[in-house]
Amino acid sequence: MTSRMTAQDASFYYLETSNTPMHIGSLAILEPPEGGLEYESVVRLVEKRLPEVARYRQKVREVAFGMARPVWVDDRDFDITYHVRRSALPRPGSDEQLFDLIARLISRPLDRTRPLWEMYLVEGLADGRAALFTKSHSALVDGEDSLEIGQVLFDRTPEPREVPEELWMPEQEPSDTALLVGAFAGSVARPGEGVAAVRTALGDLASTVGETVDVVGRLARTAAQSAPESPLNASISRSRRFTVVQSGLGPYRTIHARYGCTINDVVLAVIAGALRYWLLSRGEPVTEATTVRAMVPMSVYTQEPEGAVGDGDTIQVHPQGEVSSFLVDLPVGEPNAVVRLSHISHAGEAYSRQRRRIAAQTMIRLSGFAPATMHAVGARVASGFSQRMFNLMITNAPGPQHALYLAGARVLAMYPVSPLLKTQALSVALTSYDGNIYYGLNADRDAMPDVDVLASLLHESLEELLDASR
């Protein structure tokens, strides 16, 4: 079927440059079942689940002269083996070698002549492990009409759930003339859309995102001032560095219980502490007034299910929610870890009292591994604002607190990857899963050669806050 991109989808599509590819990613570390994890098994699984994410078999067609927004059309030449690929590390591959590979894959834009996603099965990891890396364009995943493919791949048991067989018959692809005729008819019926489409094609992002994103309340007041100067903001290259941090959820729960804040507050305080010590390690001037402004797209849960168990925004799973955002000034100049947490907690409380929806309500079907979709929606929200308003993006999405499986392989870890925005050298994404919190740090290769230092400082910052809570 042919459908026209929304104004927001088109904005993200045109926002992409060779230095700022607009795809989000997810890295799963897998423990293969007895007999191993075969590439062919992964291909078959993905092929069976594709009907649940129909847009993953559609590509983008642009309309000549920018007369209208691009359209999604069925890819009549769809080749599953082009999108699901096989890679390997020299055995026994280390985690560092894996992260170097992921950094290279993150750096490469997606092929715009095909459906905007890729998946890599990486073999050869030490201890018999494998990895699955998926990247999807931000224009592809909106959380409503289209979910991230990772949300439908994982199962609660080693035996994959049965899905009904579906014979896919692609629609005839429209000609360039048909697209122009449709664009002209649409511009006659809705003249404003034609103007917006041309502005989008010319890069006037604010004019189109403004149609769907309403910047109000506390966000607008905070954004009245530009973000403080920071080494986190620099001209970025085409190359990336990627590293991860894994931590048990227990310490976050302990701090949450001790101070009565949310786990999301604890996460932000840990990141604030790590950024403080990272700045000091670089010899940057840090005073008590120094702050780093973060855009925090986060899940805002609007319905409490019966029997829900959770400690805050990071681990509760609700059947209905929206993604909202707020700007928070992380007090990196404050030397006391508890005071840092207190500042962040009060900012979060003020946001909760004044909260208004700044993105269209997003209905997310939480019947699968929803964090991948939620990170994608969060990145879309942050991308709609001027990067002068904040220094870095932090996306945080809850995951299930039980084991998941992919084609019989147990998921040992799940690291999200959020894109770098223009002039921003770092993005931080985290997901909770099966009793742990997993951070994915995506950084510009030239501007942040010391991203591994920041990763180690996240551990130290958590320990500092945990010691204080005791």
> Are any of the side-chain heavy atoms of D446 and S239 separated by less than 4.5 Å?
no

> Report the C-alpha distance between R276 and V286 in whole Å, list the side-chain angles of each, state the deciding distance to 0.1 Å, and finish with yes or no for side chain to side chain contact (heavy atoms under 4.5 Å, CB included).
CA-CA 8 Å; R276 168 183 170 79; V286 177; 3.9 Å; yes

> Would you find a donor on one side and an acceptor on the other, under 3.5 Å apart, between the side chain of S469 and the backbone of L466?
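Indeed, once roles are kept as given, a pair shorter than 3.5 Å links the two residues.
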
> Working to the nearest 0.5 Å, report the span between CD of Q58 and CH2 of W117.
13.5 Å

> Could you point out which residue of Y433, F242, Y438 forms a ring pair (Phe, Tyr, Trp, His ring centres under 6.0 Å) with Y415?
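Considering Y433, F242, Y438, a ring pair (Phe, Tyr, Trp, His ring centres under 6.0 Å) with Y415 is found only for Y438.
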
> So which atom in C261 and which in I255 form the shortest heavy-atom distance, rounded to 0.1 Å?
SG-O, 4.4 Å

> Quick one: does any side-chain atom of Q151 pair with a main-chain N or O of E148 as donor and acceptor, under 3.5 Å?
no

> Taking atom CZ of R238 as the centre, report whether more than 12 heavy atoms of other residues, nucleotides or ligands fall under 6.0 Å from it.
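No.
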
> Determine yes or no for a side-chain-to-main-chain donor-acceptor pair under 3.5 angstrom, with T157 supplying the side chain and E159 the backbone.
yes

> Supply the atom-to-atom distance L232 CG to T423 OG1, rounded to the nearest 0.5 angstrom.
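Result: 10.5 Å between the selected atoms.
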
> What is the distance from atom CG of L457 to atom CD1 of I271, rounded to the nearest 0.5 Å?
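It is 12.5 Å, given to the nearest 0.5 Å.
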
> Y120 side chain to S87 main-chain N or O, any donor-acceptor pair under 3.5 Å?
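No: the side chain of Y120 does not pair with the backbone of S87.
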
> Taking N233's backbone N and O only, do any of them form a donor-acceptor pair with S230's side chain (distance below 3.5 Å, no angle check)?
no

> If you measure only the distance, is there a donor-acceptor pair under 3.5 Å linking the side chains of D9 and T6?
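There is such a pair (donor and acceptor under 3.5 Å, judged by atom type) between the side chains of D9 and T6.
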
> Yes or no on side-chain hydrogen bond (donor to acceptor under 3.5 Å, both in side chains) for S237 and D444, after CA distance, side-chain angles and deciding distance?
CA-CA 7 Å; S237 67; D444 180 72; 2.8 Å; yes

> Side chains of W278 and M448: closer than 4.5 Å at any heavy-atom pair?
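SC-SC contact between W278 and M448 confirmed.
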
> Determine whether D265 and T262 satisfy the following criterion, side chain to side chain contact (heavy atoms under 4.5 Å, CB included), listing intermediate values before the conclusion.
CA-CA 5 Å; D265 294 335; T262 69; 3.1 Å; yes

> Give a yes or no on whether a salt bridge exists between R340 and E464, defined as a side-chain N under 4.0 angstrom from a carboxylate O.
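Salt bridge present between R340 and E464.
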
> Can you confirm whether the side chains of D111 and Y82 place a donor and an acceptor under 3.5 Å from each other?
yes

> Step by step, would you call V332 with E284 a side chain to side chain contact (heavy atoms under 4.5 Å, CB included)?
CA-CA 12 Å; V332 297; E284 297 286 341; over 6 Å; no

> When you measure from the side chain of K135 to the backbone of V417, do you find a donor-acceptor pair of N or O atoms at a distance under 3.5 Å?
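Not confirmed, K135 side chain does not pair with V417 backbone.
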
> With side chain to side chain contact (heavy atoms under 4.5 Å, CB included) as the test, would you mind laying out the steps for I29 and L98 before giving the verdict?
CA-CA 10 Å; I29 310 298; L98 173 63; 3.6 Å; yes

> Is the shortest side-chain heavy-atom distance between R470 and D467 below 4.5 Å?
yes

> Tell me, do L30 and V411 make a side-chain contact under 4.5 Å, heavy atoms counted?
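A side-chain contact exists here, since the closest heavy-atom pair is under 4.5 Å.
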
> Set out, in order, the CA-CA distance, both residues' side-chain angles and the distance that settles side-chain hydrogen bond (donor to acceptor under 3.5 Å, both in side chains) for Y439 and S247, then state yes or no.
CA-CA 8 Å; Y439 290 80; S247 176; over 6 Å; no

> Please find the pair of heavy atoms, one from S418 and one from A429, that lie closest to each other, and give the distance.
OG-CB, 3.9 Å

> Which atom pair, heavy atoms only, marks the closest approach of A376 to V141?
CB-CG1, 3.6 Å

> So, for M374 and P398, which heavy atoms are closest and what is the spacing to 0.1 Å?
CE-CD, 3.5 Å

> If you look at every heavy atom in L421 and I236, which pair is closest and at what distance?
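Looking at all heavy atoms of both residues, the closest pair is O-CD1, 3.7 Å.
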
> Looking at side-chain heavy atoms only, is the closest gap between H23 and T134 below 4.5 Å?
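Not in contact.
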
> Does some side-chain heavy atom of L116 sit less than 4.5 Å from a side-chain heavy atom of M22?
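Of all side-chain heavy-atom pairs linking L116 with M22, none is under 4.5 Å.
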
> Using modelled atom types and a 3.5 Å cut-off, is there a donor and acceptor pairing between side-chain atoms of S146 and backbone atoms of D142?
no

> Can you tell me if R129 uses its side chain to pair, donor with acceptor, with the backbone of A126 under 3.5 Å?
yes

> Counting N and O atoms only, with roles assigned by atom type, does the side chain of H137 sit under 3.5 Å from a partner on the main chain of Y13, one being a donor and the other an acceptor?
no

> If you define the side chain from C-beta out and look only at heavy atoms, does anything of L140 sit under 4.5 Å from W72?
yes

> When rounded to the nearest 0.5 angstrom, what distance separates CG in N442 from CG in L420?
4.5 Å

> Check whether any side-chain heavy atom of L330 lies under 4.5 Å from a side-chain heavy atom of N391, and answer yes or no.
no

> Which pair of heavy atoms, one from Q401 and one from G435, lies closest together, and at what distance?
OE1-N, 2.8 Å

> Measuring from T373:OG1 to L147:CG, what's the distance to the nearest 0.5 Å?
4.5 Å

> Would you check, one step at a time, whether the test side-chain hydrogen bond (donor to acceptor under 3.5 Å, both in side chains) holds for T287 with T290?
CA-CA 5 Å; T287 68; T290 302; 3.3 Å; yes

> Please confirm whether the backbone N or O of S342 pairs with a side-chain atom of H346, one donor and one acceptor, at under 3.5 Å?
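Pair found, side chain donor or acceptor close to backbone of S342.
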
> Find the distance between CZ (R161) and CG (L45) and round it off to the nearest 0.5 Å.
8.5 Å

